[in-house]
Amino acid sequence: MQTPHIPVLLEEVLESFKEIKEGYFVDCTLGYAGHSSEMLKRYGHIRHIGIDRDEEALVFSQKRLEPFGERSTLYKGTFAKVFPALTESPIMGVLADFGVSSLQLDKMERGFSFNSETLDMRMDATAPLSAYEVVNAYPKEKLEYLFDMYGEIKPYKKLAAAIVDARSRAPINSAKELARIAVDVLGSHGKIHPATLMFQAIRIEVNNELGEIEGLLDALEEKHYKDEIVSLITFHSLEDRLVKNRFKKWSTSCICDPQAMRCTCGNDYALGKPIRRKPVTAGKEELKKNPRSRSAKLRSFRFTKSS
């Protein structure tokens, strides 16, 4: 089977887990099993757990991973809830690709596209909150907060006001209509669509994306194995900042007040260290084949002690 989604930084992800000798590899964002199927092919000695909230992706991946039999187990749900509840052990590798899959972006009925006639953006189609409720029911102040904090849009107040004005005349029913409002307010400059950051902010809210990342990082901090490797792929600064800061915390040995004259904490609080000092990004060849990989950053961390 061919995946309808191109797995980003595939070779770099596979390389980051090359030293796993046993146990389980958990793909927290299974998607269409692009990363997972290649992990299972290359590393025949490991078992696999896949997590995803998208039923359509799980059905596809269940079929795709059939050749691996009992080596692979799939769970439906958000990784912030499913991952901490896993009883399989030892977990020696954890992957999360925080990007939206190409199929989700390209399928017009999912409402992620600027040209979609629907307004949805749910990764889990059964979730109660969709982009329609956010756009048509959130008060102006809350929209301002989303556009400022999750979209980092400078004229966030102007954009929120334009949406509230438009919906006062008639409900905003489509992503296409919403995108037009962004064009009117923000103008069109360069190659990036003016609605990009607005859609990002709404999508983050609908899917609790930053809360999910925080939940996964909390779970990893609370329970991990010695030599466990964590590789996380981010696509914008908000995600990357969460990962970067948590990796920094995990690799900090001394937790004394920076103003202290000498260390009194024991200087043994580091849980491990990043595998590379800087994030890995897509090379020229991958960018040619998959332009959506241009924003991807891979950070990897190895725990050197168990929790």
Side-chain angles (χ1 to χ4, degrees), residues 2-52 57 61 64-65 68 72 79 83 91-105 209 212-213 216-217 220 224-225 227-248 250-251 271-304:
Q2 293 296 314
T3 176
H5 171 73
I6 303 173
V8 70
L9 297 171
L10 177 59
E11 192 55 41
E12 292 82 355
V13 165
L14 296 175
E15 180 70 12
S16 72
F17 293 110
K18 66 180 180 181
E19 294 184 21
I20 294 179
K21 300 294 191 294
E22 60 174 346
Y24 286 86
F25 162 77
V26 182
D27 188 342
C28 293
T29 49
L30 177 67
Y32 295 86
H35 288 112
S36 288
S37 59
E38 293 303 318
M39 280 290 296
L40 285 161
K41 287 177 190 175
R42 183 170 297 193
Y43 303 117
H45 55 285
I46 63 170
R47 295 176 68 86
H48 166 262
I49 296 168
I51 302 169
D52 209 289
S61 294
R64 186 175 191 186
L65 298 174
F68 303 104
S72 178
F79 53 74
F83 183 82
I91 292 172
M92 301 307 296
V94 179
L95 170 69
D97 172 356
F98 299 126
V100 182
S101 78
S102 297
L103 195 67
Q104 288 173 330
L105 288 169
E209 293 177 28
E212 282 288 305
I213 296 173
L216 176 61
L217 293 169
L220 288 165
H224 53 266
Y225 294 86
D227 294 324
E228 181 177 339
I229 295 169
V230 179
S231 287
L232 306 177
I233 302 173
T234 62
F235 282 82
H236 54 75
S237 60
L238 299 174
E239 295 174 339
D240 189 56
R241 199 174 302 139
L242 291 177
V243 174
K244 181 181 178 180
N245 289 343
R246 193 64 70 101
F247 281 11
K248 182 179 179 181
W250 292 348
S251 57
L271 303 179
K273 59 183 180 179
I275 292 176
R276 297 180 186 83
R277 204 166 58 84
K278 292 185 177 182
V280 177
T281 56
K284 291 181 180 179
E285 286 304 311
E286 179 168 5
L287 289 170
K288 285 180 185 176
K289 295 176 184 176
N290 182 17
R292 286 174 177 164
S293 68
R294 67 184 178 274
S295 303
K297 290 183 178 180
L298 169 67
R299 294 184 186 272
S300 299
F301 187 93
R302 180 196 302 279
F303 289 104
T304 54

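For the atom pair CZ (Phe98) and CG (Leu216), the distance works out to 5.5 Å, reported to the nearest 0.5 Å. Expressed to the nearest 0.5 Å, how far CG of Leu287 lies from CZ of Arg294 amounts to 9.0 Å. Atom CG in Asp52 sits 9.5 Å away from atom CZ in Phe79 (nearest 0.5 Å). Here the CG atom belonging to Leu217 is positioned 7.0 Å from the CG atom belonging to Leu242, to the nearest 0.5 angstrom. Distance OG/Ser16 to CE/Met39: 7.0 Å, rounded to 0.5 Å. A distance of 10.0 Å separates CD in Glu22 from CD1 in Ile20, rounded to the nearest 0.5 Å.
Applying the side chain to side chain contact (heavy atoms under 4.5 Å, CB included) criterion to Arg241, with sequence neighbours excluded, gives Glu152, Ser237, Leu238, Asn245. With sequence neighbours left out, the side chain to side chain donor-acceptor pair (under 3.5 Å) criterion links Asp27 to Ser36.
Between Ser37 and Arg64 there is a side-chain heavy-atom pair separated by less than 4.5 Å. When side chains are defined from C-beta on, Tyr24 does not count as touching Tyr225, because their heavy atoms never get closer than 4.5 Å. Contact of the Leu10 side chain with the Glu38 side chain is registered, since non-hydrogen atoms from C-beta on lie closer than 4.5 Å. Put simply, the side chain of Arg246 does not reach to within 4.5 Å of the side chain of Leu232, judged on heavy atoms. Side chains of Arg299 and Thr234 form no contact here, defined as non-hydrogen atoms less than 4.5 Å apart. Side-chain atoms of Ile49 and Phe83, non-hydrogen and from C-beta on, never get closer than 4.5 Å to each other. The closest side-chain heavy-atom distance from Leu65 to His48 is below 4.5 Å. Considering only heavy atoms from C-beta on, Cys28 comes within 4.5 Å of Val94 through its side chain.
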| side-chain contact (heavy atoms from CB on, under 4.5 Å) assessment of Phe17 paired with Ile46 | CA-CA 11 Å; Phe17 293 110; Ile46 63 170; over 6 Å; no

| query | Should Glu19 and Asp227 be marked as a side-chain contact (heavy atoms from CB on, under 4.5 Å) after you check the CA-CA gap, both sets of side-chain angles, and the distance that decides it? | reply | CA-CA 9 Å; Glu19 294 184 21; Asp227 294 324; over 6 Å; no

| request: Mind running side-chain contact (heavy atoms from CB on, under 4.5 Å) on Met92 and Lys21 for me, showing each step along the way? | output: CA-CA 8 Å; Met92 301 307 296; Lys21 300 294 191 294; over 6 Å; no

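In this structure a side-chain-to-backbone donor-acceptor pair under 3.5 Å is missing from Glu12 to Thr281. A donor-acceptor pair is defined here as one N or O able to donate and one able to accept, closer than 3.5 Å; no such pair exists between the side chain of Lys297 and the backbone of Ser295. Without hydrogens or angle criteria, His35 side chain to Val8 main chain gives a donor-acceptor distance under 3.5 Å. In this structure, Ser61 contributes its side chain and Gly31 its backbone to a donor-acceptor pair below 3.5 Å.
For residues 271-280, no pair satisfies salt bridge (charged side-chain N to carboxylate O under 4.0 Å, His left out), with sequence neighbours left out.
Note: Trp250 and Phe301 have perpendicular aromatic rings, judged against thresholds of 30 and 60 degrees for the angle between ring planes.
For Ala296 against Leu9, the heavy-atom pair with the smallest separation is CB-CD1, 4.0 Å. In plain terms, the two heavy atoms of Phe235 and Arg292 that are nearest each other are CE2-O, 3.8 Å.
Aromatic rings from Tyr43 and Phe25 are positioned such that their centres are separated by 6.0 Å or more.
In summary, Lys18 and Glu15 engage in a salt bridge, as defined by a charged side-chain N under 4.0 Å from a carboxylate O.
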